[in-house]
2 protein chains.
Amino acid sequence: MDERKKTILKAIVDDYVATAEPVASKALVRNHNLQLSSATIRNVMAELEDMGYLEKPHTSAGRMPSDKGYRAYVDNLLSVPPISKEDEKAIRDFLSVNVNKAQDLIERTVECLSKQTNYVSVALSPEYSDSSIEQIKIMMIEPGRAIVVIVLSAGVVHDRLIRIPAMLDEKQLNSIAHSIERCLTGKKLDDITLITISSAAEGTGLPDALVNQVLYEAYIAIKQTEKIEVFIDGRHRLLQHPEFKDVERASRFYSVLRQTQMVAGYMRDVQQEEEAKCRAAMFDQYDDDAEKELSVRKPAYMVRIGQEINIEGMENASFITTTYRMGGEIAGQIGIIGPKRMNYGDMIAQISFVNKAMSAEARRHCGLPPEDENDFEMYPFEAQE
Amino acid sequence: MDERKKTILKAIVDDYVATAEPVASKALVRNHNLQLSSATIRNVMAELEDMGYLEKPHTSAGRMPSDKGYRAYVDNLLSVPPISKEDEKAIRDFLSVNVNKAQDLIERTVECLSKQTNYVSVALSPEYSDSSIEQIKIMMIEPGRAIVVIVLSAGVVHDRLIRIPAMLDEKQLNSIAHSIERCLTGKKLDDITLITISSAAEGTGLPDALVNQVLYEAYIAIKQTEKIEVFIDGRHRLLQHPEFKDVERASRFYSVLRQTQMVAGYMRDVQQEEEAKCRAAMFDQYDDDAEKELSVRKPAYMVRIGQEINIEGMENASFITTTYRMGGEIAGQIGIIGPKRMNYGDMIAQISFVNKAMSAEARRHCGLPPEDENDFEMYPFEAQE
DNA sequence: ATTAGCACTCTTTGACTTAGAGTGCTAATA
DNA sequence: TATTAGCACTCTAAGTCAAAGAGTGCTAAT
């Protein structure tokens with residue numbers, strides 16, 4: 001694809017994103033000083049259409065980008081602008097509240113991102129299976145009920161009410177609790193099974209039946225911790241966009257969004273694909289293994305457009321996601337879902353910055369020093385031109 | 001209003017609710033055997049319109065109920081049908097899961113109610129200011145962080161992570177915790193102030209600065225407990241109804257629903273009004289004071305229609321709410337919000353039954369015996385006819 | 001290789017018509 | 001006196017048509 005085609009494709013995408021109307025050859029000449037006549041543009045547009053980058057709603061209408069067109073745009077033509085000072089301040093202010101739990105920060109971040117982008121924002125809680133238990137406590141609340149508190153690294157705390165045998169008194173429960181504590185502290189979540197945990201039963205001197213119920217409930221509490229939570233906000237904003245003027249379509253879209261576990265699964269798949277792609281790219285670039293190792297990092301952001309999203313009812317949507325880190329290795333995903341027609345450059349800038357601000361906030365909360373700014377590569381490539 | 005007018009008004013509301021189309025005189029004759037000609041019906045309809053019970057979208061259209069019409073219908077013409085066996089089973093099954101927290105049950109109930117009615121369902125967490133603290137525990141999680149667990153009656157548990165001075169060790173924290181426990185156990189939430197709590201500071205032998213931070217955080221945790229939580233579900237269902245075919249309107253409606261605190265406030269106001277009304281009615285009915293006292297009970301359900309709802313953007317909606325009880329005196333509200341045009345009878349039946357099932361479930365969870373069925377008055381009056 | 005020019009296509013808009021559903025009123029009827 | 005048949009009138013919904021306008025695609029000229 002020659003330079004001129006690129007310029008024109010970019011101009012078309014930009015215009016279409018701005019207006020939501022098919023872009024005409026004359027309009028292009030008017031709005032971008034291309035130094036070409038509309039007739040020439042028309043010829044180029046026809047070629048771009050043949051190549052599959054553009055589409056026409058009908059013969060005598062302007063062109064709009066196809067999925068392939070958007071893809072080319074995002075991969076090669078995109079310029080990610082710097083975020084405005086106001087946005088930067090707005091995001092920082094919105095996120096710099098004192099939260100007590102990692103989850104609260106994620107929730108707030110999702111809200112922030114949705115506000116900034118005016119689309120739906122989704123976050124997945126971090127993947128903890130690699131983390132280990134720093135502490136686990138079980139405490140009596142009243143006869144028959146107790147609370148389990150599980151502390152992972154990076155200040156992530158989960159708690160859960162459980163039922164325990166009614167005849168268990170506080171002292172007995174404490175003895176079981178200590179036994180569990182000894183047995184599980186430092187263990188990786190992934191490595192904990194019902195068998196691991198049942199070894200804690202020994203040495204309490206209590207009847208197995210009593211102990212086992214507590215162990216089982218504790219186990220459930222731990223497994224619950226591993227479950228990926230999905231945070232989602234901003235659904236109400238979708239209706240403001242012209243692509244959702246059709247209630248039918250909006251309704252269908254909402255029912256997809258309700259299947260949060262599927263959305264989460266999809267986001268994780270995307271992440272894996274992109275990591276693989278990233279690794280492959282690095283492999284080509286470096287010979288030195290050490291360097292290779294160093295450079296293996298998460299992709300800065302991931303985009304999926306229209307049909308690329310293999311979910312029924314998402315044909316007209318796009319995902320932009322990225323990986324956030326909450327200090328250490330604990331990482332989850334956050335992103336937005338909107339119509340295909342979105343300002344990819346601006347959106348990526350917003351997501352990147354929100355992500356950065358959130359990660360900084362998370363480190364602050366855990367008392368870690370701020371991350372080296374340079375280590376945080378915001379954009380994989382700078383604005384072209 | 002004579003009998004015939006009533007019959008016809010009822011028929012019109014029923015038809016309009018069923019079809020969402022203005023009801024014509026001929027259609028009434030066809031669908032209800034009124035033994036009258038359409039001309040007579042027309043005359044009656046004209047009178048009902050003069051009286052303010054009906055409206056016409058334009059001169060040559062059928063009639064639809066006005067807010068006043070709906071109000072008359074709900075107050076005098078409504079027949080609440082018994083709920084179907086299938087619905088009964090569906091509700092019971094849906095709610096009979098083992099939850100660990102009162103809040104989880106409320107959440108599930110809201111989901112259930114929304115499913116059953118196909119409208120938005122809202123619940124308010126119980127009003128706890130009258131409850132007292134059965135237990136309050138504070139436990140160290142790691143240096144600088146602790147968890148506060150507050151147990152109210154009826155098995156309601158709230159917990160919250162707090163920050164504590166980093167130099168406070170576990171022993172010291174425990175000493176403060178015990179002091180707080182001694183000071184607050186049995187106290188009504190309403191009666192707890194920063195002053196009450198600060199008296200717990202004495203006798204720990206620790207520097208005031210350290211103790212005060214913990215006290216303050218504990219205080220916040222307690223106040224947090226009092227805050228009314230709003231549970232809401234089923235927003236996505238609204239788009240399925242013809243009254244929300246207009247995206248603009250739907251969008252406005254959603255932005256009102258987002259102001260959860262306002263919705264909650266409104267629900268509580270309604271509750272107060274109705275309780276007052278209820279009391280007044282009882283006052284007329286009985287002379288004996290003792291009887292009066294006995295009969296003061298929550299109204300079975302409350303309805304607010306269209307303009308009666310004094311919230312900008314709710315002019316076309318209706319509320320149906322009721323009071324749920326979670327064992328003892330702990331009570332909150334649950335209800336639905338939908339378009340004015342809804343099947344009030346069926347909806348009231350659903351709400352009443354969901355409420356009943358939920359209350360039963362709640363008692364089960366706290367280990368209370370099932371409530372006396374007769375004590376639970378489902379409908380204030382039975383189907384008329 | 002580019003462009004001016006023109007024929008052709010398709011959508012949008014508004015005006016107009018028609019069919020149909022409904023009412024309101026009047027005069028006849030029980 | 002209450003009810004009803006009948007008819008004129010009103011309003012909407014849907015269809016047709018023409019005209020305007022925005023675009024394209026192609027051809028021939030530059």
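A note on names: the letters A, B, ... follow the listed sequences, proteins ahead of strands, and every chain is numbered from 1.
Regarding B:Tyr16, its OH atom lies at a distance of 14 Å from the P atom of C:dG22, rounded to whole Å. The CZ atom of B:Arg63 sits 14 Å away from the C1' atom of D:dC11 (whole-angstrom rounding). If you measure from atom CD of A:Glu55 to atom P of D:dT24, you get 15 Å, rounded to the nearest angstrom. Between the CG atom of B:Leu36 and the P atom of C:dA30 there is a distance of 17 Å, rounded to whole Å. Taking atom NE2 on B:His58 and atom P on C:dG20, their separation rounds to 17 Å, with Å as the unit. In this entry the distance linking CD1 of B:Ile41 with C1' of C:dG24 reads 15 Å, nearest Å. As a whole-Å value, the separation of B:Arg42 CZ from C:dC25 C1' is 10 Å. Distance A:Glu47 CD to D:dT24 P: 15 Å, rounded to the nearest Å.
For an aromatic pair to be called close, the ring centres must be under 6.0 Å apart, and A:Tyr70 with A:Tyr344 satisfies this. Checked against the 6.0 Å centroid threshold, A:Tyr266 and A:Phe319 count as a close aromatic pair.
Across all strands shown, C:dA21 forms a Watson-Crick or G-U wobble pair with D:dT10, both key distances being under 3.5 Å. Searching all strands for a Watson-Crick or G-U wobble partner of D:dT27 with both distances below 3.5 Å returns C:dA4.
Among the heavy atoms of the strands lying under 4.0 Å from A:Ala61 are primed sugar atoms or P, OP1, OP2 only; no base atom is included.
At D:dC11, none of the side-chain N or O atoms of B:Ser60 fall inside 4.0 Å of OP1 or OP2 (strictly under the cut-off). Listed pair A:Lys56 / C:dT11 fails the phosphate criterion, with no side-chain N or O lying under 4.0 Å from OP1 or OP2. Side-chain N/O atoms of B:Thr40 include one lying less than 4.0 angstrom from OP1 or OP2 on D:dT4. The shortest distance between the side-chain N/O atoms of A:Arg4 and the OP1/OP2 oxygens of C:dT2 is below 4.0 Å. Put simply, A:Ser25 has a side-chain N or O that comes within less than 4.0 Å of OP1 or OP2 on D:dT24. Taking only side-chain nitrogens and oxygens, B:Thr59 comes nearer than 4.0 Å to OP1 or OP2 of D:dC11.
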Which side-chain N or O atoms in residues 35-48 of chain B pair as donor and acceptor under 3.5 Å with protein atoms at least two apart or in another chain?
unit_1: B:Ser37; atom_1: OG; unit_2: B:Ala39; atom_2: N; d: 3.2
unit_1: B:Ser37; atom_1: OG; unit_2: B:Thr40; atom_2: N; d: 3.2
unit_1: B:Ser37; atom_1: OG; unit_2: B:Thr40; atom_2: OG1; d: 3.1
unit_1: B:Ser38; atom_1: OG; unit_2: B:Arg42; atom_2: NH1; d: 3.4
unit_1: B:Arg42; atom_1: NH1; unit_2: B:Ser25; atom_2: OG; d: 3.1
unit_1: B:Glu47; atom_1: OE1; unit_2: B:Lys5; atom_2: NZ; d: 3.3

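The residues A:Glu274 and A:Arg304 are annotated as salt-bridged, a charged nitrogen and a carboxylate oxygen being separated by less than 4.0 angstrom.
For B:Ala24, counting side-chain heavy atoms from C-beta on, the closest listed nucleotide (D:dG25, C:dT23, C:dA4) is C:dT23.
Using modelled atom types, one finds no donor on one side chain facing an acceptor on the other under 3.5 Å when comparing B:Glu243 with B:Asn316.
Comparing B:Pro22 and A:Ser37 by the nucleotide of DNA chain C whose heavy atom lies nearest to each, the residue mapping closer to the 5' end is A:Ser37.
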